[in-house]
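On a predicted model such as this, the values are computed, not experimentally measured, just so you know. Here is how names work: the chains are called A, B, and so on, in the same order as the sequence lines, proteins then strands, and each is numbered from 1.
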Number of protein chains: 2
Amino acid sequence: MERDKVSIYRIAEEAGVSPATVSRVLTQKANVSDEKKKKVEKLISKYHFSPNAMARGLTSSRSGIIGVLIPDIRNPFYAGLAVECEQAAHDRDYSLMLSNYMNDMELEEQRLYKMISQQIDALIIMGGRVDELITDEVYAERINHISKLMPVVITGKLDGSDCYQVNLDNSEAIDRIMEYLISNGHHDICMIGGRKEVDSTYTKRTRYRSMLHRHGIEFCPDYLVETGDYSMESGYRGMNSLIESTRKLPSAVIAINDLTALGIIQSLREHSIGIPEDISLVSFDNTILAETSVPRLTSMDYNYDQYGKTLIDTALAVLEGGKPQKIQIIPTELIIRDSCRSLNKGI
Amino acid sequence: MERDKVSIYRIAEEAGVSPATVSRVLTQKANVSDEKKKKVEKLISKYHFSPNAMARGLTSSRSGIIGVLIPDIRNPFYAGLAVECEQAAHDRDYSLMLSNYMNDMELEEQRLYKMISQQIDALIIMGGRVDELITDEVYAERINHISKLMPVVITGKLDGSDCYQVNLDNSEAIDRIMEYLISNGHHDICMIGGRKEVDSTYTKRTRYRSMLHRHGIEFCPDYLVETGDYSMESGYRGMNSLIESTRKLPSAVIAINDLTALGIIQSLREHSIGIPEDISLVSFDNTILAETSVPRLTSMDYNYDQYGKTLIDTALAVLEGGKPQKIQIIPTELIIRDSCRSLNKGI
DNA sequence: GTGAAAGCGCTAACAG
DNA sequence: CTGTTAGCGCTTTCAC
């Protein structure tokens, strides 16, 4: 397969100028006479020429590519975020290189080093080990090493590392959900799903308890259902076990995310428990699943647009020598749909 | 931000050999004495060194990146396919560069040329204009031009172009669904969703009619509901209009994809029509939505693994000078879940 | 088996 | 304002 042999030399020759001049009109960094500029631009558009990014990168030691390490793009949460990142990157004339690591540590490492050898200019790490409550020290050290080579921005936390963090406001998220439920007359509130070693889940559970306390509601251990993960199946399992084990069903259930909520819906349906007539359901992430489920889910939305943009902008700011804030927080907003009802005044 | 300055020169110096020798152990293409080889390998792993892909690419005119133009990664169908492609690419030691074009022609062009300037080695185009029944000639010409520079593999068709095609077996897919429904006693079968100018939809509709004919079932125009797109909302709209306009409801509905099926479910629910008690529902694509919906959808699955692998392998085969088949077909399999019932023997 | 040297396409001094 | 020149880091002849 023959590559196109158009280069600045070819353009230069046909335009009767030097390669440097062509480069100058390409980079727009130096002045070129109108006459030559026009000639060159004509050739450029004639050949649909765009400079070889590898050659360019060799001199500038910039590839124009931002690497993104992502758990699984099939998860609607990450898919949405990835799209926003791509948008933000392209706005700044950068390309994105996505790598799914499928929660496989070995795969993560492989893909990471592959991206580094592709000379990515910056790295964004989502989920996985940067979400753990207790940082893996070996991992932190490795990431630290990388963050000496390029900007590293993560969506979670990594103790003792130099990474920049952009985090969802998990505290605000759970507080708002609790306030919403309580103000609608719910007292028996249950929380299903997740793994306690995950930072965001830990935060949610802690605030859940303190919100109960603040409103004078006694904490019931049965109502905090650990399932170990974030899948639909885990929601199904968690809800089933709650129904079987408890004497008194809660009036409201908080699912750790939309996928888990779908499993909860399935369990409730099989037990002929109506949503929201018998039990109200809220969840986190406001993915497409919240919109497509029956009933449509009331779910905690984040400003995904801002999230993606902040991730990219932070990486590029560091790349350009800036000093953005080490931790930035993305705001939340509860999207109210059809899965919750009010217990007040018999509505 | 300082890049790591480790290069083959540094390795060479420390190992007391020439840069060429380091290159030789890196590429494994020439013989190097065991002694020197070991020395070099030690340094390589000491520094976690991996050669600069841009420099390498400059000489080999290969970037090791395959570009993928995709409509929207948030669509579970494309997300699943992208994951398979990534897997297949990494197995061959290639990276993937994904670009979402959001069904925006202008964006598609921008991202395409951006990827070309990033020196992608091959291009895979999914959906969008390569799915159109009637090829846009200007577009075909552009793609043709690109396919002179690099292998281009598409998931649809493009008349008069040199692209390689990897297609789902849409004929088999609709045939199997029709046979399944008819063998379960369904005669009044309706098909909802899509746009007739889309190649795969056109095929499905044509075969739908000929299957009816073959089984001596009269074609009812009301039962072919064009909605113009593939969204959930379109299914909702299509089903609503069918319910309002027809005297006799069908016993089975075929949705053009899972998303459309979800809209149909919502419409049926609002009309208190039970699935599958009153109406059976089948759809295409077998995405995660088929598994997470209530009831779980009977849906046409494709061998996504093979699909992704074939896409990548075809591109790389062409790149290496091979001559794969111009058109390759991916088989289908109906996954039976809870959304259809049999009308036979009063089951 | 191994080193020296040229060159991939581009940018960035450096002269003029 | 513009041409010449020297690399960027790697692979690949070509001698030895």
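Within 6.0 Å of the NZ atom in Lys326(A), the count of heavy atoms belonging to other residues, nucleotides or ligands exceeds 12.
What you find for Ala89(B) and Leu96(B) is that their closest heavy atoms are CB-CD1, 3.7 Å. Of all the heavy atoms in Asp121(B) and Gly64(B), the pair that sits closest is OD2-N, 2.7 Å.
Side-chain N/O atoms of Ser7(B) include none lying less than 4.0 angstrom from OP1 or OP2 on dG9(D). Contact annotation: Ser33(B) reaches the phosphate of dT2(C) (side-chain N/O to OP1 or OP2, under 4.0 Å).
Residues forming a ring-ring contact (aromatic ring centres under 6.0 Å, His included) with Tyr9(A) (at least two apart in sequence, or on another chain): none. Residues satisfying the side chain to side chain donor-acceptor pair (under 3.5 Å) criterion with Glu108(B), sequence neighbours excluded, are Arg129(B), Tyr139(B). Every residue meeting the side-chain contact (heavy atoms from CB on, under 4.5 Å) condition with Ser161(B), not counting sequence neighbours, appears here in chain and number order: Asn144(B), Leu158(B), Cys163(B). By the salt bridge (Lys or Arg N to Asp or Glu O under 4.0 Å) test, Glu41(A) is found to be paired with no residue, residues two or more places apart in sequence or in another chain being considered.
With dA12(C), dT2(C), dC10(C) as the candidates, the nucleotide lying closest to the side chain of Asn52(A) is dC10(C). Across dC10(C), dT11(C), dT2(C), the shortest atom-to-atom separation from the side chain of Ser23(A) is found for dT11(C). Set against dT11(C), dC10(D), dG3(D), the side chain of Ile8(A) has dT11(C) as its closest nucleotide.
Here dT2(C) presents its P atom at 9 Å from CG of Asn31(B), a figure rounded to the nearest Å. Taking atom CD of residue Gln28(B) and atom P of nucleotide dT12(D), one finds them 13 Å apart after rounding to whole Å. A straight line from CD of Glu35(A) to P of dC1(D) spans 13 Å, rounded to a whole angstrom. With rounding to whole Å, Gln119(B) atom CD is found 18 Å from dC10(D) atom P. Note: CE (Met54(B)) to P (dC10(D)) measures 10 Å, nearest angstrom.
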Quick test: give all pairs of protein nitrogen or oxygen and nucleotides 5-8 of chain D nitrogen or oxygen below 3.5 Å, distance rounded to 0.1 Å.
{"residue": "dC8(D)", "atom": "O2", "partner": "Thr59(A)", "partner atom": "N", "Å": "3.4"}

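Of the residues in residues 36-46 of chain B, none lies under 4.0 Å from DNA chain D by heavy-atom distance.
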Is there a side-chain contact (heavy atoms from CB on, under 4.5 Å) between Gln110(B) and Lys114(B) once you walk through the steps? CA-CA 6 Å; Gln110(B) 278 176 227; Lys114(B) 179 77 183 166; over 6 Å; no
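Arg24(B) contributes a side-chain N or O that forms a donor-acceptor pair with the base of dG3(C) under 3.5 Å.
Residues Tyr304(A) and Phe77(A) bring their aromatic ring centres within 6.0 Å.
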